Every structure is written in C-alpha cells, then in structure tokens.
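Just so it is clear, the values below take in all heavy atoms, side chains as well, and ignore hydrogens, waters and symmetry mates. Since we're looking at a predicted model, the values are computed, not measured.
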Amino acid sequence: MTNAFSAYKKQSITTLTPGEVVVRLYMEAERQLNRASYYIPQKNFEGANKSLTKAQDVINALRSCLDMKIPISKNLDSLYEYFNREIVEANVKKDKAKVDALIPMIAELREAFQEINSMPREQMAAQQQNPQGITPQG
C-alpha cells in the first residue's frame with residue numbers, strides 16, 4: 001500500500017505544470033513557517049529550527065528556478081533574499097513575530113501565482129506582450 005501511495009505522489013508531482021509547482025512550493029513555505037510559529041512559543045526550538053530550515057530550503061528552491069531574463073525575476077530574487085535573511089534571523093533569535101510577518105507575504109505571492117495559473121493561455125500571452133495592460137488606440 002505504501003508503494004502505491006508513493007507512486008501516486010510521484011506521478012502527481014511529475015504531471016504538475018511549472019506554475020503549479022511554484023504554487024506548491026509557496027504552500028510548503030507557508031506550512032513550514034506556520035509550524036515554526038507554533039513551535040517557538042511552545043519552546044520546541046528543535047521543531048522550530050527544523051521548520052525554519054525547511055522553509056529556507058523552499059525559498060532557495062524558488063530562487064534557483066528564477067529566469068533572470070524575465071524582468072520580474074530580479075524583484076522576486078530580492079524578495080527571496082529578504083525572506084532568507086528574515087528566516088535566518090528568526091531562527092537565531094527564535095522570533096515568532098518575524099515568522100508571522102513573513103506568512104502573509106508568502107501567502108500573497110502564492111495567491112498571485114494561483115491567479116496567473118488560472119488565466120487562459122491567450123490572456124497570459126497578451127499580458128506578456130503588454131504587461132502594463134495598455135490597449136493600443138486605433
């Protein structure tokens with residue numbers, strides 16, 4: 001039974017679009033930060049450290065996937081760098097407030113990517129050609 005479940009999980013991951021993978025990574029970062037936020041007041045510093053380290057790994061995975069030829073990637077790279085600094089500092093100081101401040105930022109990015117993923121391909125192509133949403137007057 002475990003092998004069947006593992007095979008199912010592997011299949012579901014390999015059939016995700018790149019956009020869906022990004023959304024899942026954001027979801028995992030949120031999950032790990034929420035866990036750390038729970039562990040810190042419990043004085044479960046081992047659990048908090050483990051969760052914060054995993055969140056940092058997820059942020060690094062997101063960062064490594066950036067295509068720096070795309071203009072927004074530079075902004076995302078700076079944001080991911082900020083997230084990493086804050087996670088490291090939160091981990092060193094076991095600062096719940098720092099962790100809690102990151103969660104809504106990551107949730108907002110996840111929601112934005114979910115919205116992008118739900119766009120029809122034609123609309124995404126139009127957005128890429130005209131990112132400001134300005135329609136030509138004829």
Just wondering, are more than 12 heavy atoms of other shown residues or ligands nearer than 6.0 Å to CD in Gln42?
yes
To the nearest 0.5 Å, what is the distance between OH (Tyr26) and CD (Glu108)?
10.5 Å
Smallest heavy-atom separation, Ala48 atom then Ala36 atom, equals O-CB, 4.1 Å
Where do Ser73 and Met68 come nearest, in terms of heavy atoms and distance?
CB-SD, 3.8 Å
Looking at Lys93, I want to see if its NZ is surrounded by more than 12 non-hydrogen atoms of other residues, nucleotides or ligands under 6.0 Å.
no
Do Tyr82 and Ile106 share a hydrophobic cluster, counting only Ile, Leu, Val, Met, Phe, Trp and Tyr and linking them when any side-chain heavy atoms are less than 4.5 Å apart?
yes
Is the distance from the ring center of Phe45 to that of Tyr39 below 6.0 Å?
no
Heavy-atom distance under 4.5 Å between the side chains of Glu89 and Val92, does that happen here?
no
Cluster question for you: counting only ILVMFWY and a side-chain heavy-atom cut-off of under 4.5 Å, with indirect links fine, are Leu16 and Val58 together?
yes
Should Val21 and Val23 be counted in the same cluster of Ile, Leu, Val, Met, Phe, Trp and Tyr side chains packed under 4.5 Å apart?
yes
Less than 4.5 Å apart, side chain to side chain, heavy atoms only: is that true for Met27 and Arg31?
no
Do Ser37 and Asp100 pair up side chain to side chain, a donor and an acceptor below 3.5 Å, judged on atom types alone?
yes
Is there side-chain contact between Gln32 and Lys50, with at least one heavy-atom pair below 4.5 Å?
no
Do any N or O atoms from the side chain of Glu20 and from the backbone of Thr17 form a donor-acceptor pair under 3.5 angstrom?
yes
So which atom in Ala55 and which in Ala29 form the shortest heavy-atom distance, rounded to 0.1 Å?
CB-O, 4.3 Å
Please determine whether a side-chain nitrogen of the Lys or Arg among Lys54 and Glu28 lies less than 4.0 Å from a carboxylate oxygen of the Asp or Glu.
no
Connected via hydrophobic side-chain network under 4.5 Å: Ile87 and Tyr38:
no
State the CG-CD distance between Leu52 and Gln56, to the nearest 0.5 angstrom.
8.5 Å
